[in-house]
Q: 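Once you've had a glance at the structure underneath, I'll fire off some questions.
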2 protein chains.
Amino acid sequence: MKKENITIYDIAKKAKVSPSTVSRVLTGNARVRPETTKKIKEIIDKNNFKPNGLARSLLYKKTKMIGFVIPDINHSFFSTLVLKSEAHALKMGYTSFLCNSMNNSEMESNYLQTLLEKQVDGIIFLGGRINEIETDPVYAEEMKRLMERIPVVFINGKMTGVDAHVVRTDEAYGIWKLVELIANHGHTKIGFLGGLKGISSTENKKNSFKLALNHQSIPVSEEWILGSDFSIESGEEAAAQLLNLKDKPTAVVCVNDFVAMGAINMFTKFGLRVPDDISVLGFDDIYLAKYYPPGITTVTQNYDMLGQTAVNVLVELIEGKEAPKETIIPTSLVLRNSCKVYRGK
Amino acid sequence: MKKENITIYDIAKKAKVSPSTVSRVLTGNARVRPETTKKIKEIIDKNNFKPNGLARSLLYKKTKMIGFVIPDINHSFFSTLVLKSEAHALKMGYTSFLCNSMNNSEMESNYLQTLLEKQVDGIIFLGGRINEIETDPVYAEEMKRLMERIPVVFINGKMTGVDAHVVRTDEAYGIWKLVELIANHGHTKIGFLGGLKGISSTENKKNSFKLALNHQSIPVSEEWILGSDFSIESGEEAAAQLLNLKDKPTAVVCVNDFVAMGAINMFTKFGLRVPDDISVLGFDDIYLAKYYPPGITTVTQNYDMLGQTAVNVLVELIEGKEAPKETIIPTSLVLRNSCKVYRGK
DNA sequence: CTGTTAGCGCATTCAA
DNA sequence: TTGAATGCGCTAACAG
């Protein structure tokens, strides 16, 4: 099936020149007589010849490839981020190699091996092991050994004992602004929904949530802090649990937009109107947040900046330059219709 | 920054053996004395050595990589499909290289070049040029030249003059069943929303829609066939146009779930209840279809089968075997709550 | 301006 | 069971 590979030798022979001359017109790195160039280009074109990138990369010790390890491309947050990152990487002259770890540490390890063998020039890492509050020393060790061989950038994560370059969303500030917004709307009974315990994003947000409540002199009610993960289902469950309580909050901050959607679903199902009876706030500003009725008030992730910065930092590292150890990407509120002034009892 | 590469020569030297012996323990393709093996393995491990995949691939003329050209990973349909395909490819021993063309033909061309240079073993192609009803001869030519060098599989598309292997969703049947469902629910005024003209998916679905109406002895009303693309916005627009009509349908089939969501939004906004006042049907069964209120009745794409089949066909081709030229992946109805019996006037 | 030579890292002959 | 030699396809250094 696969046609015999054409090489520069074949082209050289047909053009009656040496392989190096062909190579020269290919790279454009040296002057070749115009007529010769023209003849060679014609033959290249006629034979549909493409230089073998493997051979080239083997020589250069560079593949111009960036590896991405992410948990799940099927999640809006990651797919958007990857899309932006890929586009920017392309501008910087790099192609992207994507690996879906499905949040499975073993798959992460496998993919890291694969990326290393494929000789990618650098790796951008998201999710999984770098999101655990308690770093697993085995995986930390693996990561350190990896980093001895190749530049790595973490997005929204860290590992204790691993001194990596990291680019982070300012989750704390986002939550802070969300709480400020609700408080300004007169709410004093506020819950927090969703998020897996032990995952840094959850803990960061919960911590900021509590701090912000304190700052607003609003008491923290632990029984309004519910949820098991980051899915719509989790939002539904948490909301259902809330509905069983005698004393219910009038507003809930959700760990992300999916959880907010689930919460909205469940509240609506049980006759509560959002935002009239209860305000629901999200996080991430995924594509659907705008459309999901009633339109979710949320915090935008600044996907462009997040992706671009991560790629930029990695490229600096690849080129052997200095790069900031930690970059915080600002977040900002996106006001829509799932939050409303508290209208009293 | 980047550490000097360790090679089998370094390992060989430290182990006081020849490079070929190291190579042998690496591949396991030849017998090596157990003690020697052990010693070499220890040294490999201690030095964190990984064989260079580029060199290996150069030699084998195989990269065990599949290239995916898709329009936009940020769309649920594609991300789900890619996820399933990648998982299956991994089982078959292949890693996946993803390229987002953004439905831009020029980017498609660039990525095809890149994939060729990176020596992927085969390519799975979705969207863009293979979805145009009117094939652009320039791109068809490019595709043909590509296919002379490397196996290609199309998913849900084709190009006139290009004799490619293709795996297709049975869109026609899905639409047919949708119409049947609505007709059985007593609806006789049915519209079709969304879809870009000239794109095969749109035309296939519209054609099937009309045939199905005929079959049900329901008249086709062209003024109820509206929409400009595949987005939520398009659904909103189309629904708004429908609302301006004196005579309105009581059910609409949408080109996909996003359009259905937009339509539901707009109908709701103008006081129509879904499904009580109007039934709205989607297509694709994306993750959110289940949750988007009131829960969208739709057609599932059978993502697993679609992705697995495409990968299987491609692998057969890569291995030089025969493979079916066209495979149709069945679709089936997913009943939820956006469709209801017509309750008369 | 062009040809010859060498080597990137690996696996596979062929000998020993 | 092991070592030496060769070549995958390419480019850069060095001559000419």
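Given the structure is predicted, the values throughout are model-derived calculations rather than measurements. Numbers restart at 1 for each chain; the letters A, B, ... are given by sequence-line order, proteins then strands.
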Q: So B/Ser57, base contact, sugar-phosphate only, or nothing? Heavy-atom distance under 4.0 Å.
A: nothing

Q: Under the 3.5 angstrom rule, does the side chain of B/Thr63 hit a backbone N or O of B/Gln119 as a donor-acceptor pair?
A: yes

Q: If a protein heavy atom is under 4.0 Å from the base, mark B; if only from the sugar-phosphate, S; if neither, -; do that for nucleotides 9-16 of chain C going 5' to 3'.
A: BBBBB---

Q: Going by the side chain to side chain donor-acceptor pair (under 3.5 Å) test, which pairs reach into residues 130-140 of chain B, not counting sequence neighbours?
A: B/Thr135-B/Thr160

Q: A/His75: what forms a side chain to side chain contact (heavy atoms under 4.5 Å, CB included) with it, not counting sequence neighbours?
A: A/Asp72, A/Phe78, A/Phe258

Q: Using five pairs at either end of the helix from C/dC1-D/dG16 to C/dA16-D/dT1, determine the angle between the two local helix axes and round it to 10 degrees.
A: 40°

Q: Counting distance only, does the side-chain N/O of A/Thr114 pair as donor-acceptor with the main-chain N or O of A/Asn110 below 3.5 Å?
A: yes

Q: For this output row, return yes or no: ring centroids of B/Phe97 and A/Phe97 closer than 6.0 angstrom.
A: yes

Q: Any side-chain heavy atom of B/Leu112 sitting closer than 4.5 Å to one from B/Glu142?
A: yes

Q: Side chains of B/Phe154 and B/Glu326: closer than 4.5 Å at any heavy-atom pair?
A: no

Q: Could you pull out all residues at least two apart from A/Ser57 that satisfy side-chain hydrogen bond (donor to acceptor under 3.5 Å, both in side chains)?
A: none

Q: Reading DNA chain D from 5' to 3', where do the contacts with chain B start and stop? Cut-off is 4.0 Å to heavy atoms.
A: D/dT1 to D/dG9

Q: Quickly work out the A/Arg33 CZ to C/dT2 P distance and round it to whole Å.
A: 5 Å

Q: Using a 4.5 Å cut-off on heavy atoms from C-beta on, say whether the side chain of A/Asn47 contacts that of A/Lys14.
A: yes

Q: Could you label the plane-to-plane angle of the A/Tyr303 and A/Phe77 rings as parallel, tilted or perpendicular, counting under 30° as parallel and over 60° as perpendicular?
A: tilted

